[in-house]
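Here the structure is laid out as structure tokens; the discussion comes afterwards.
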Protein chains: 2
Amino acid sequence: MHSIPTMSAASSTDSPGAPAFSPLYLQIKGLILQSLQQGEWKPGAAIPSEMELAARFRVSQGTVRKAVDELAAENLVLRRQGKGTFVATHAEQQVQYRFLKLLPDTGDARVEGPAQRRVLECRRVRASADVARALALRSADAVIQARRILSFAGVPTILEDIWLPGQAFKGLTAEQLANYQGPTYAMFELDFGVRMVRAEEKIRAVLPDREQAQWLQISPATPLLSVERIAYTYNDIPMELRRGLYRTDSRHYRNALS
Amino acid sequence: MHSIPTMSAASSTDSPGAPAFSPLYLQIKGLILQSLQQGEWKPGAAIPSEMELAARFRVSQGTVRKAVDELAAENLVLRRQGKGTFVATHAEQQVQYRFLKLLPDTGDARVEGPAQRRVLECRRVRASADVARALALRSADAVIQARRILSFAGVPTILEDIWLPGQAFKGLTAEQLANYQGPTYAMFELDFGVRMVRAEEKIRAVLPDREQAQWLQISPATPLLSVERIAYTYNDIPMELRRGLYRTDSRHYRNALS
DNA sequence: AAGTGGTCTAGACCACAAC
DNA sequence: TTGTGGTCTAGACCACTTG
């Protein structure tokens with residue numbers, strides 16, 4: 001009955017090998033997603049109301065609703081009753097540091113406040129083979145490499161190396177990394193238009209080498225969490241590789257399984 | 001307009017301090033949840049169709065649908081188009097070992113197959129203070145304590161201690177733990193009617209003591225992941241405490257952030 | 001063919017926020 | 001008062017499974 005002019009609703013009567021049936025709301029979701037990644041609406045800004053989107057796509061409000069529901073479930077947009085639907089951002093007070101799961105054993109992370117940052121290094125280099133693979137670049141493509149220490153209450157707790165595609169993050173400086181108030185990912189949104197929407201982490205237990213131990217002011221016999229993270233923008237495009245060493249003597253990595 | 005005889009839909013005109021407005025579909029969800037925890041439908045069995053539930057609760061099918069949608073999103077039930085909606089179970093082939101996140105660095109966990117289990121101990125003891133707190137018991141209440149080793153391809157990889165409330169798991173034996181084919185949580189469902197629906201983990205890096213190192217056939221200088229898990233049944237009732245030591249020399253703990 | 005979940009619609013009304 | 005998202009309904013039709 002309804003179908004969007006620029007795309008057909010595949011049906012089960014299609015020829016064999018045709019793409020699987022795609023309901024209207026998923027097509028709508030895809031179109032909204034496209035607008036999001038093309039920056040039609042900036043992080044923090046409101047997207048059109050459900051009625052407006054329904055008119056734009058020539059579908060009922062209920063269908064738009066289901067599409068937006070899924071985007072909200074994936075944390076790509078944020079619904080606020082009475083106000084509208086907004087492009088999610090790492091700058092929000094509520095969900096700040098969504099990706100940092102290292103919590104103090106006792107006490108409240110919100111009371112403690114954000115970490116102090118000390119940037120040790122930030123330079124443009126050629127991607128090594130494994131960095132290139134993680135970021136879906138060619139070997140020897142330009143990347144920005146940064147190293148920093150995060151401290152809580154003066155205690156150096158996280159030592160991390162960050163690799164970013166040189167193209168998208170051209171001009172990133174150590175000062176930017178050090179001085180921006182708020183999550184680093186919020187700065188990425190503001191200054192480079194890159195929004196991280198999800199990430200994957202691989203966690204191991206390791207011992208630090210001498211240099212790492214010095215930075216973290218611990219003995220080389222102190223076991224640490226090694227956390228390798230790949231963060232993705234829209235469309236599963238990898239945009240950051242992070243390798244962190246976490247002290248867990250008075251903090252722990254928290255995870256919820258469901 | 002509609003309201004379930006046995007419960008009123010609170011409205012904003014209630015007296016101050018009254019419970020917040022609760023939409024119908026959440027009330028329905030609560031009623032279905034109640035039936036789930038009371039065992040009206042067993043794990044793996046079908047729950048009534050949406051039409052039947054709608055008739056039973058005197059609401060429209062759409063309202064039941066939204067309630068069931070949320071239960072499905074929380075992995076409490078599983079929808080299968082054309083067949084029905086089924087109580088989720090850890091025995092399903094598809095989502096087996098949902099809570100085990102230690103994956104091989106290379107290769108496919110499905111190819112590798114399940115771990116070999118060796119049960120070192122399984123006895124009834126009095127709960128220590130911290131175990132009692134984790135399981136919401138009184139100190140010195142009876143608990144079942146088990147210790148086992150999980151090996152992959154003959155390599156001892158996980159050493160874990162498990163504590164279970166003595167009341168709910170009366171009669172659990174080492175043989176049961178060792179011989180059941182499939183996830184331990186599936187055995188809990190089948191033999192004790194206890195279904196784990198979610199869990200929380202605290203992860204640290206630690207060094208093993210001499211005994212632990214021996215069991216895992218490693219040097220005491222090998223860093224390990226310490227994973228403390230509390231698993232919950234319906235209604236957030238804690239039913240298991242697990243303390244695991246994971247070797248991560250050729251495996252890693254994988255986590256998805258979103 | 002019958003029954004299940006899945007999609008889509010149109011319309012009514014409610015809760016919340018802003019003007 | 002207006003506009004937003006949130007709830008609820010009733011009905012039509014589609015896709016999938018089973019007999």
Side-chain angles (χ1 to χ4, degrees), chain A residues 1-4 7-14 18-32 41 45-73 76-88, chain B residues 1-4 7-14 18-32 41 45-73 76-88:
Chain A
M1 187 170 178
H2 279 86
S3 83
I4 300 175
M7 54 181 9
S8 65
S11 94
S12 59
T13 58
D14 280 357
F21 167 76
S22 173
L24 241 193
Y25 79 89
L26 282 183
Q27 301 179 38
I28 304 301
K29 180 186 173 188
L31 291 174
I32 298 174
W41 315 299
I47 73 173
S49 75
E50 292 180 353
M51 291 303 283
E52 285 172 314
L53 290 171
R56 168 165 163 182
F57 298 127
R58 312 289 196 84
V59 298
S60 77
Q61 190 219 9
T63 300
V64 168
R65 168 160 277 273
K66 181 143 189 186
V68 174
D69 274 346
E70 290 209 349
L71 293 171
L76 295 178
V77 300
L78 189 67
R79 318 191 74 145
R80 281 188 243 170
Q81 190 176 69
K83 303 180 75 171
T85 301
F86 301 80
V87 183
Chain B
M1 186 170 178
H2 278 86
S3 84
I4 300 173
M7 53 181 9
S8 64
S11 92
S12 58
T13 58
D14 281 357
F21 167 78
S22 173
L24 242 193
Y25 78 90
L26 282 183
Q27 301 178 40
I28 304 301
K29 181 186 171 188
L31 291 174
I32 298 175
W41 316 299
I47 73 174
S49 74
E50 293 181 352
M51 291 302 284
E52 285 173 313
L53 289 172
R56 167 163 163 182
F57 298 128
R58 312 288 196 83
V59 298
S60 77
Q61 191 219 9
T63 300
V64 168
R65 168 159 277 273
K66 181 143 191 185
V68 174
D69 274 346
E70 291 209 350
L71 294 171
L76 296 178
V77 299
L78 189 67
R79 317 191 75 146
R80 283 188 242 170
Q81 188 174 58
K83 302 182 75 172
T85 301
F86 300 81
V87 183

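Lettering follows sequence order; numbering is per chain, from 1.
Atom pair B/Glu50:CD and C/dA2:C1' shows a separation of 17 Å (rounding to whole Å applied). Rounded to whole Å, atom P of C/dA10 lies 10 Å from atom CE of A/Met51. With rounding to whole Å, B/Ile32 atom CD1 is found 11 Å from C/dG5 atom P. As a whole-Å value, the separation of B/Gln61 CD from D/dC14 C1' is 13 Å. Going from atom CG of B/Leu26 over to atom P of C/dA15 covers 14 Å, rounded to whole Å. We find that CZ of B/Arg58 is positioned 18 Å from C1' of D/dA10, with the value rounded to whole Å. The interatomic distance linking A/Glu52 (CD) with D/dG3 (C1') rounds to 10 Å, in whole Å. Atom-to-atom, CZ of B/Phe57 to P of D/dT7 comes out at 18 Å; the value is rounded to the nearest Å.
Rounding to the nearest 0.5 angstrom, the gap separating the CZ atom in A/Arg56 from the CD1 atom in A/Ile28 is 10.0 Å. The distance from atom NZ of A/Lys66 to atom OG of A/Ser60, rounded to the nearest 0.5 Å, is 11.5 Å. Residue B/Phe57 holds its CZ atom at 11.0 Å from CG of B/Leu24, rounded to the nearest 0.5 Å. Note: A/Thr63 OG1 to A/Leu26 CG = 11.0 Å, rounded to the nearest 0.5 Å.
A sub-4.0 Å separation between OP1 or OP2 of D/dT7 and a side-chain N or O of B/Lys66 is present.
Counting only heavy atoms from C-beta outward, the side chains of A/Leu53 and A/Ile47 approach each other to under 4.5 Å.
For A/Ser49, the listed nucleotide lying nearest its side chain is D/dG5; candidates were C/dA10, D/dC8, D/dG5. In this structure, of C/dG6, D/dT7, C/dC8, it is C/dG6 that holds the atom nearest to the side chain of B/Arg65. Each of C/dC8, D/dC8, C/dG6 was ranked by its minimum atom distance to the side chain of B/Ser60; first place goes to D/dC8.
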What donor-acceptor contacts under 3.5 angstrom involve side-chain atoms of residues 77-87 of chain A, with partners at least two apart or in another chain?
{"residue": "A/Arg79", "atom": "NH1", "partner": "A/Asp69", "partner atom": "OD1", "Å": "2.5"}
{"residue": "A/Arg79", "atom": "NH2", "partner": "A/Glu50", "partner atom": "OE2", "Å": "2.0"}

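The two atoms that bring A/Ile32 and A/Ala67 nearest to each other are CD1-CB, 4.5 Å, heavy atoms only.
Remark: A/Gln81, A/Gly82, A/Lys83 in residues 78-87 of chain A come within less than 4.0 Å of DNA chain C through at least one heavy atom.
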